[in-house]
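Taking it in order: structure first as structure tokens, then the write-up.
As a basis for the values below, the full set of heavy atoms in this structure was taken, side chains included, without hydrogen atoms, waters or symmetry mates.
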Protein chains: 4
Amino acid sequence: MQEAAQVLEEAQSELSPQQLIGALVKKGELTDPGSPRGRLLNAAARLFEQKGFSRTTVRDLAAEVGILSGSIFHHFSSKEQILCEVMKEVTIFASARMRSAMESAGSPQERLRACIQSELEAIHEQAVPGFSILVMEWRSLSEASQKEVLLQRDEYEQIWLDAINTAQCPGGDAAVVRRLLVGALSHTYSWFKPREKGLTIPELSDRVFQIFAP
Amino acid sequence: MQEAAQVLEEAQSELSPQQLIGALVKKGELTDPGSPRGRLLNAAARLFEQKGFSRTTVRDLAAEVGILSGSIFHHFSSKEQILCEVMKEVTIFASARMRSAMESAGSPQERLRACIQSELEAIHEQAVPGFSILVMEWRSLSEASQKEVLLQRDEYEQIWLDAINTAQCPGGDAAVVRRLLVGALSHTYSWFKPREKGLTIPELSDRVFQIFAP
Amino acid sequence: MQEAAQVLEEAQSELSPQQLIGALVKKGELTDPGSPRGRLLNAAARLFEQKGFSRTTVRDLAAEVGILSGSIFHHFSSKEQILCEVMKEVTIFASARMRSAMESAGSPQERLRACIQSELEAIHEQAVPGFSILVMEWRSLSEASQKEVLLQRDEYEQIWLDAINTAQCPGGDAAVVRRLLVGALSHTYSWFKPREKGLTIPELSDRVFQIFAP
Amino acid sequence: MQEAAQVLEEAQSELSPQQLIGALVKKGELTDPGSPRGRLLNAAARLFEQKGFSRTTVRDLAAEVGILSGSIFHHFSSKEQILCEVMKEVTIFASARMRSAMESAGSPQERLRACIQSELEAIHEQAVPGFSILVMEWRSLSEASQKEVLLQRDEYEQIWLDAINTAQCPGGDAAVVRRLLVGALSHTYSWFKPREKGLTIPELSDRVFQIFAP
DNA sequence: GATGAATGAGTGTTCATTCAT
DNA sequence: CATGAATGAACACTCATTCAT
């Protein structure tokens, strides 16, 4: 068990968040965070998460990256499109991250635990912020945009459903369990602060795992 | 034991949601839903839940009860105050409802299950709508208003914490378990539709109970 | 002939522009020019005519009647709706005016001349300004609004077509002649200034009549 | 005389619109339509005519010729200057065209008819589009630009006035008749579609001629 | 000459809130 | 208490124009 953990850590350490992002940027799946568009998306993710989509103005957003509000519309056609793009890129990054976490997980139980921890890290880590937006601001998206995001989201959810199914969780079919987990995990954004002393993300992951896969 | 349960059930059946509301109105804890103020609060609960607080205008609200937007400010000093009042009244009603559900629950396990079902009913039933607002629109509230609502909320949460503690749920301390439950249950608003054939509220309560208190 | 003219003038003098407007307001066909909405429509007619629709801002319009730009949207749902309403009211007034002019015209020739003079007066008089907008800003209207205005316009054009037909104008079918007249008359807005010494409206009407019905 | 006319006609038939443009380009009076500036002017003429000046953006214009909006300002100092240049070139071309049409006209009546047909062709033909802009967008021009265009326009109008005077049209002095004609003819842009079966340009010219010079 | 990013003043519009009637 | 008109600040978005590269 300890050895396994060590191996995992090493495998993981081969690909830091920055390196993962870099690889995705090269493949053209993510916007370069250094480009104006990328800086805008990062700032948007941060602000939409902190203040909410409708309470964030395009002026806030522009100020955050040091341009004027009008200039935003060189890169995006509307405020809503920014939200949509943020969600798509966040989903792509979270998928890649979770796939990478999956690879180093051996048993079905470990896989589910890795899923939980990966999503909690996505929610609370700052590497590519904005994961909690996916749940919290879903209704701010037009139906057309929702479909676009769902297309990207499918793969991510498939990993989850597989993990839940193979881990033989209680609570009936995997879809219901996953939805309960979505709620439980995304809501942690509102109360769980990993920086303060107290629960750490791995500890919280353990708790959640204990509940959903005893 | 069976007899007692029967008596309780009868007692409960004597108190329909409308009767419960009536009793609370008489005690001055709830606004009369027939009064202008009450109709406004009900309409607000419905609209804030359906469209979100910031996407609901005071004009929408006024139109819903058949007055003009200016007239709203004879009853409330601001839009935010309406949200605050809705939340307080919803909390009061949900508390009364859950206390009543508690009374007919015998074992600790039954008590927790009653809590779960009561909250799911609060979220998905229409009697006093707006329960999901408590979680979803929490950030739309000023800090001052949050404190006001928290004052009311305390009692409600205490019932939950007792139920979790006595049911000996896994997942560590009751506060964490409750918060995971808050997320899991409130998020059902987004995907669970009790009207369509499929899962019913009692069935869903069972699933949740199975997971959180195996 | 002279007597007839005298009688005509008397008949006409019974209904001044202001009185005609008053009658139409009473019938509910025109907005009261004293009401906020009416003052807005009059100002819009003036400004759209002077500066063009797209060069007139809602702020210009608001300033003209002494309110703030936001207040306009209490009375109209959009800038385009203002243009549409202006056009409809202008058409209604012009129709009533022309009908009234028709009544005092005896021969077919006189009827056509009355049409010409009535339209020239509509273009250059100030009583209900905005007639030239009907031609000049037609393309600023959405198709839906165009249909609305055309509904009102039909009656007005019918009077014209009858007059052209009975006057036996050269130039083939009445529809073509009318369209040439529309262009010729509406363009006078750009070059004909009745106030300066020179041509008067009756004189210009004579010239046009001479050309189109020799 | 007849021989001369024949020669002229042949000469005319030798000079297609493209050839006429070519000749004017060589003389330095028109911009080469193949040059970037020329393509810009042609696109502008088309767009300003179709959508109106203020509803056409420089981005539309740039897209039409396949460059970016910023690049336009290497060729013109402002959007208004583009309109001004379009008007000047259109006027030059229309003048040359009408002069050429005059040469083959024998009688005063024929001359006037040739003027009418030439202007209708200018409005509805596609060779050098934009003639209708001269009337429809006149007010979009600054006074300084108006003067510039008027300088070019003078010769064109002189031909018209001569033709009207010698044809002994009714309706008083030639200036007024010409202005009525300007309105009547330019407005045909809005209703006359030569492509559809029905009236042809020569037929419409006949009708107009019949009215203005019976 | 072209690009692409940015500007900055301005656009139509929204909306919670006020207040005389 | 309700109305209806108005407020005024804020909003997302537009667009002609500039300019370093």
For [X] and [N], give me the distance from atom [atom1] to atom [atom2], rounded to whole Å.
{"X": "Asp60(A)", "N": "dA9(F)", "atom1": "CG", "atom2": "P", "result": "18 Å"}
{"X": "Glu80(C)", "N": "dG12(E)", "atom1": "CD", "atom2": "P", "result": "13 Å"}
{"X": "Leu61(A)", "N": "dA10(F)", "atom1": "CG", "atom2": "P", "result": "18 Å"}
{"X": "Lys51(C)", "N": "dG10(E)", "atom1": "NZ", "atom2": "P", "result": "12 Å"}
{"X": "Ile72(B)", "N": "dT3(F)", "atom1": "CD1", "atom2": "P", "result": "11 Å"}
{"X": "Leu40(D)", "N": "dA2(E)", "atom1": "CG", "atom2": "P", "result": "9 Å"}
{"X": "Phe76(C)", "N": "dT14(E)", "atom1": "CZ", "atom2": "P", "result": "15 Å"}

Determine whether any donor atom in the side chain of Arg59(C) lies under 3.5 Å from an acceptor atom in the base of dG10(E), or the reverse, and answer yes or no. no
Using a heavy-atom cut-off of 4.0 Å across all strands, would you classify [X] as base, sugar-phosphate, or nothing?
{"X": "Ser69(C)", "value": "base"}
{"X": "Thr57(D)", "value": "sugar-phosphate"}
{"X": "Ile67(D)", "value": "sugar-phosphate"}
{"X": "Ser54(A)", "value": "nothing"}

How long is the straight-line distance from NZ of Lys88(C) back to OG1 of Thr31(C), given to the nearest 0.5 Å?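 Spacing of OG1 (Thr31(C)) from NZ (Lys88(C)) equals 9.5 Å.
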Do you know which two heavy atoms are closest between Val90(C) and Pro129(C), and how far apart they sit? CG2-O, 3.6 Å
Does Ser71(A) place a side-chain N or O at less than 4.0 Å from the phosphate oxygens OP1/OP2 of dA5(E)?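 Checking dA5(E) against Ser71(A), no side-chain N or O comes under 4.0 Å of OP1 or OP2.
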Closer than 4.0 Å, any side-chain N/O of His75(B) to the OP1 or OP2 of dA2(F)? yes
I'd like to know if the side chain of [X] reaches the main chain of [Y], judged simply by a donor and an acceptor atom lying under 3.5 Å from each other, with no hydrogens or angles considered.
{"X": "Arg139(B)", "Y": "Gln50(A)", "result": "yes"}
{"X": "Gln146(B)", "Y": "Trp138(B)", "result": "yes"}
{"X": "Glu80(D)", "Y": "Ser142(D)", "result": "yes"}
{"X": "Glu137(B)", "Y": "Phe53(B)", "result": "yes"}

Could you pick out which residue, Thr56(D) or Phe53(A), lies toward the 5' side of DNA chain F when each is mapped onto its nearest nucleotide? Phe53(A)
Symbol by symbol from the 5' end, with Watson-Crick or G-U pairs under 3.5 Å, [ ] crossing and | another strand, DNA chain E is .||||||||||||||||||||
Residue [X], side-chain atoms from C-beta onward, closest of [options]:
{"X": "Phe73(D)", "options": "dC1(F), dT7(F), dT17(F)", "value": "dT17(F)"}
{"X": "Lys79(B)", "options": "dA2(F), dA6(E), dA16(E)", "value": "dA16(E)"}
{"X": "His74(A)", "options": "dG12(E), dA6(E), dC13(F)", "value": "dA6(E)"}

Lys51(D) and side chain to side chain donor-acceptor pair (under 3.5 Å): which single residue from Thr56(D), Thr57(D), Asp60(D) fits?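 Among the candidates, only Asp60(D) passes.
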